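On a predicted model such as this, the values are computed, not experimentally measured, just so you know.
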Amino acid sequence: MTGISPRQIRAARSLLGWTQQELADRAVVSGNTVQRLERGVAVRVDVYLKLWRTLEAAGIEFIPAAGDKGEGVRLVRGFD
């Protein structure tokens with residue numbers, strides 16, 4: 001499954017100024033789940049998608065890797 005990387009999740013949280021627990025609370029998942037995902041440990045797909053959707057709803061846009069350019073994140077205007 002193509003998706004977002006642990007590095008992108010950490011970067012997205014940083015852009016929003018959220019702690020791991022704040023992301024967990026907003027996505028209605030456990031703080032331990034966010035910690036595990038950010039370490040690269042697999043979590044259930046439904047939980048992963050909840051986190052992804054929560055970050056996107058907050059204005060995060062995930063940028064996939066392309067060629068020799070790595071993946072990234074950005075905060076969409078109007079959400080900051």
Side-chain angles (χ1 to χ4, degrees):
M1 171 161 120
T2 302
I4 55 178
S5 71
R7 189 168 44 185
Q8 284 176 295
I9 293 169
R10 286 190 302 272
R13 274 196 315 98
S14 179
L15 279 173
L16 294 168
W18 291 359
T19 64
Q20 288 179 333
Q21 189 59 54
E22 193 168 358
L23 172 56
D25 291 346
R26 290 173 184 257
V28 191
V29 301
S30 76
N32 287 336
T33 297
V34 175
Q35 290 175 6
R36 285 193 319 271
L37 185 58
E38 288 190 358
R39 286 194 317 261
V41 177
V43 298
R44 289 190 344 237
V45 172
D46 62 315
V47 173
Y48 172 79
L49 292 174
K50 279 176 124 177
L51 291 164
W52 190 338
R53 289 181 188 126
T54 298
L55 291 166
E56 285 185 331
I60 293 295
E61 181 179 347
F62 294 99
I63 305 163
D68 62 344
K69 296 180 181 169
E71 78 260 356
V73 296
R74 67 176 151 216
L75 186 59
V76 178
R77 286 185 177 220
F79 284 89
D80 53 350

Do [X] and [Y] make a side-chain contact, defined as non-hydrogen atoms from C-beta onward lying under 4.5 Å apart?
X: Arg36; Y: Val43; result: yes
X: Val28; Y: Thr54; result: no
X: Arg26; Y: Trp18; result: yes

Where the side chain of [X] meets the backbone of [Y], is there a donor-acceptor pair that is under 3.5 Å apart?
X: Tyr48; Y: Leu37; answer: no
X: Thr33; Y: Val29; answer: no
X: Gln8; Y: Ile63; answer: yes

Taking Glu38 first and then Arg13, would you say they form a salt bridge - that is, a charged N and a carboxylate O separated by under 4.0 Å? yes
Which heavy atom of Gly40 sits nearest a heavy atom of Pro6, and at what distance?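 Taking every non-hydrogen atom into account, CA-CG, 3.7 Å.
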Of all heavy-atom pairs between Glu71 and Ser5, which one has the smallest distance, and what is that distance?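 That closest heavy-atom pairing would be OE2-OG, 3.1 Å.
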Rounded at 0.5 Å granularity, tell me how far CD in Gln20 sits from CG in Asp25.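 If we round to the nearest 0.5 Å, Gln20:CD and Asp25:CG are 12.0 Å apart.
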Point-to-point distance, once rounded to the nearest 0.5 Å, from CD1 of Ile4 to CZ of Phe62: 4.0 Å
Passing candidate, side-chain contact (heavy atoms from CB on, under 4.5 Å) with Leu55, options Leu16, Leu15, Val73: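 Among Leu16, Leu15, Val73, the one meeting side-chain contact (heavy atoms from CB on, under 4.5 Å) with Leu55 is Leu16.
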Checking side chain to side chain contact (heavy atoms under 4.5 Å, CB included) for the pair Val76/Ile60: CA distance, chi angles, key distance, verdict? CA-CA 6 Å; Val76 178; Ile60 293 295; over 6 Å; no
Under a single-linkage definition using a 4.5 Å side-chain heavy-atom cutoff for Ile, Leu, Val, Met, Phe, Trp and Tyr, are Leu51 and Leu75 assigned to the same hydrophobic cluster? yes
